[in-house]
Structure formats: structure tokens, C-alpha cells
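Notes follow once the structure below has been shown.
All chains are named by letter (A, B, ...) in the order of the sequence lines, taking the proteins before the strands, and each is independently numbered beginning at 1.
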Amino acid sequence: EAQVTQNPRYLITVTGKKLTVTCSQNMNHEYMSWYRQDPGLGLRQIYYSMNVEVTDKGDVPEGYKVSRKEKRNFPLILESPSPNQTSLYFCASSPTLAYGYTFGSGTRLTVV
Amino acid sequence: ILNVEQSPQSLHVQEGDSTNFTCSFPSSNFYALHWYRWETAKSPEALFVMTLNGDEKKKGRISATLNTKEGYSYLYIKGSQPEDSATYLCAFCYSGGGADGLTFGKGTHLIIQP
């Protein structure tokens, strides 16, 4: 089944403890992206990647890192999480932006 | 940061009625306009992607139009059903030397009342 798999679905962590949210797609898509969803603010892009080893900042990249060492994986790294990074995170992929995104099922992160 | 506006923010529609809502986006350097449907507790799902001025797309009772010169797109739902209740998102992509990602609007929250 064609899908984007995010893990974990839910995570509660403490301020400053490094964490990684994984994202993997099995559709050979070149384009992958991370978004965060906050009430009243909509989906905001954190980082995106147009292909292996090609990544760029979105609108809200502060406090996040990404890597794209393989085509299928695009992990989101929070080196030192803070409470303002509490949010619902989505990973998405597509062949190009002339096609619709396939979204992962989301990761709800709480930083206390 | 690009400005993508959706209106109205929320909408209550009686079952069986038709409805429409708007997405406004920058009219310069257009690349693509996406529409997504997002049900509560699920992930957004792509409805349409439009790339040409004047594009019209249809899927069942849902259709969309695109005007890139004036920077707007309409989504239409004909004969609304309770299962149409969802948040509808549009997303704009501009051609900036390589597509730089999708900028989403905040969505129109549609509630169909039986």
C-alpha cells in the first residue's frame, strides 16, 4: 500500500531532550516536506526536500533540523525541544508539486 | 511568507444545499494550486491540483475552478451531504526557481446540518 509512515503518533517529552520524528514513504517520491499545525495558524511549512541531499527552510524552521540521506526517509530532528514546539506535525510527499501531497498520519508532540 | 487567504473561515450548510468557498493567492509566478479535504482525526487528502489558468476539475459532487490572472480559486459542493463535513484547505505553490513548497491557507470549516 502506498503510504507515508510517521512515528511516533504521540510523544510527550521534556524541555531540552533531543528527539527525532521519523518519516518514510514507499512511493519513490522526490519531494518531501514537514508541516506543523497549530490552532488558528493553519499548516505551516518547517522544511522541505526536493531530492536526496537537497533540503531547504520553510516558513518556520527555527529549532528544527532535517536530513535526506535516502529518498524514502526524511526525519525531523528537534535538538533541544521547547514548549513552543508543542504541536501536531505532518510529513508529506509527492512526485512533484504538480501532484497532490500524500500526508502521513501525524505526530502529536507535547513538550513540558 | 506568501499570503493565501480562504473565506469564509467556517460555514454551516443545510443537507442538500449547494455551497462554495474561495481561495485567494498571489497572482504572480504561479505554479500550482492544490485543494485538500481534512476530516477530523485524519490526515489531509488531496482533492485537486490545478496548474493552468481556467482549469476546472471535478470529482463527484465537488468541483473547482482556477483564475491565475486574478489570483483566486473556487471550490463548489453540489447537494451537500453530512459526509462532506470537513475542513477544506487550499495551498499555493509559486515558481521561484524551483518549486519552493506549498503554502496553505487556514481552511474553510464546513458543517453540513441534516
Side-chain angles (χ1 to χ4, degrees), chain A residues 1-7 9-10 23 25 27 29-51 54-62 64 66 68 74 87-108, chain B residues 1-7 9-10 23-26 29-52 55 57 59 62 64 66 68 73 75 86-109:
Chain A
E1 181 190 350
Q3 59 186 357
V4 176
T5 303
Q6 278 180 244
N7 280 299
R9 290 291 305 274
Y10 301 92
C23 175
Q25 50 95 3
M27 297 165 281
H29 286 171
E30 292 193 349
Y31 198 94
M32 298 185 75
S33 188
W34 276 102
Y35 287 84
R36 60 178 288 174
Q37 161 71 17
D38 300 291
L41 297 177
L43 282 167
R44 294 181 294 166
Q45 187 169 240
I46 303 169
Y47 270 94
Y48 61 95
S49 168
M50 287 189 280
N51 213 326
V54 181
T55 64
D56 209 345
K57 297 176 182 178
D59 295 325
V60 288
E62 295 78 20
Y64 304 94
V66 292
R68 187 94 182 269
F74 191 44
S87 188
L88 176 60
Y89 291 86
F90 285 102
C91 178
S93 74
S94 70
T96 73
L97 287 181
Y99 293 84
Y101 272 148
T102 300
F103 279 85
S105 49
T107 295
R108 187 165 290 282
Chain B
I1 295 179
L2 299 170
N3 199 28
V4 179
E5 300 283 343
Q6 290 189 247
S7 63
Q9 192 172 355
S10 66
C23 173
S24 301
F25 52 86
N29 298 320
F30 177 85
Y31 183 80
L33 192 284
H34 294 213
W35 281 100
Y36 292 82
R37 171 192 161 85
W38 191 3
E39 292 180 75
T40 303
K42 294 187 178 180
S43 303
E45 290 185 353
L47 286 172
F48 307 115
V49 177
M50 294 180 285
T51 56
L52 297 175
D55 260 355
K57 300 262 179 155
K59 186 183 287 189
I62 304 177
L66 177 68
T68 62
S73 175
L75 190 79
T87 296
Y88 291 84
L89 301 170
C90 72
F92 168 76
C93 180
Y94 82 101
S95 178
D100 288 342
L102 285 179
T103 298
F104 280 83
K106 294 180 182 176
T108 292
H109 184 51

| query | Looking only at heavy atoms, what is the nearest atom pair of B:Ser43 and A:Gly104, with distance? | reply | OG-O, 2.5 Å
| Please walk me through it: do B:Leu102 and A:Tyr35 pass side chain to side chain contact (heavy atoms under 4.5 Å, CB included)? | CA-CA 10 Å; B:Leu102 285 179; A:Tyr35 287 84; 3.3 Å; yes
| With B:Thr87 via side-chain hydrogen bond (donor to acceptor under 3.5 Å, both in side chains) - residues at least two apart | B:His109
| note | When the 4.5 angstrom heavy-atom criterion is applied to B:Leu89 and chain A, the contacting part is side chain
| task | Measure the spacing between OG1 of A:Thr102 and CD of B:Glu45 and express it to the nearest 0.5 Å. | result | 9.5 Å
| query | So with a 6.0 Å cut-off around CD of B:Gln9, is the heavy-atom count from everything else above 12? | reply | no
| Hey, which of A:Ser94, A:Gly100, A:Ala92 has the most heavy atom pairs under 4.5 Å with chain B? | A:Gly100
| query | Is the backbone of A:Tyr101 close enough, under 3.5 Å, to the side chain of B:Tyr36 for a donor and an acceptor to pair up by distance? | reply | yes
| note | Rounded to the nearest 0.5 Å, the OG1 atom of A:Thr96 sits from the OH atom of B:Tyr31 at a distance of 4.5 Å
| query | Nearest heavy-atom pair of A:Leu97 and B:Ala32: which atoms, and what distance? | reply | O-CB, 3.6 Å
| query | Which of the residues A:Ser33, A:Gly58, A:Ser105 is involved in the greatest number of heavy-atom pairs with chain B at under 4.5 angstrom? | reply | A:Ser105
| query | Mind checking what makes ring-ring contact (aromatic ring centres under 6.0 Å, His included) contact with B:Phe48, not counting sequence neighbours? | reply | none
| If every non-hydrogen atom of B:Lys42 is compared with every non-hydrogen atom of A:Phe90, which pair is closest and at what distance? | O-CZ, 4.4 Å
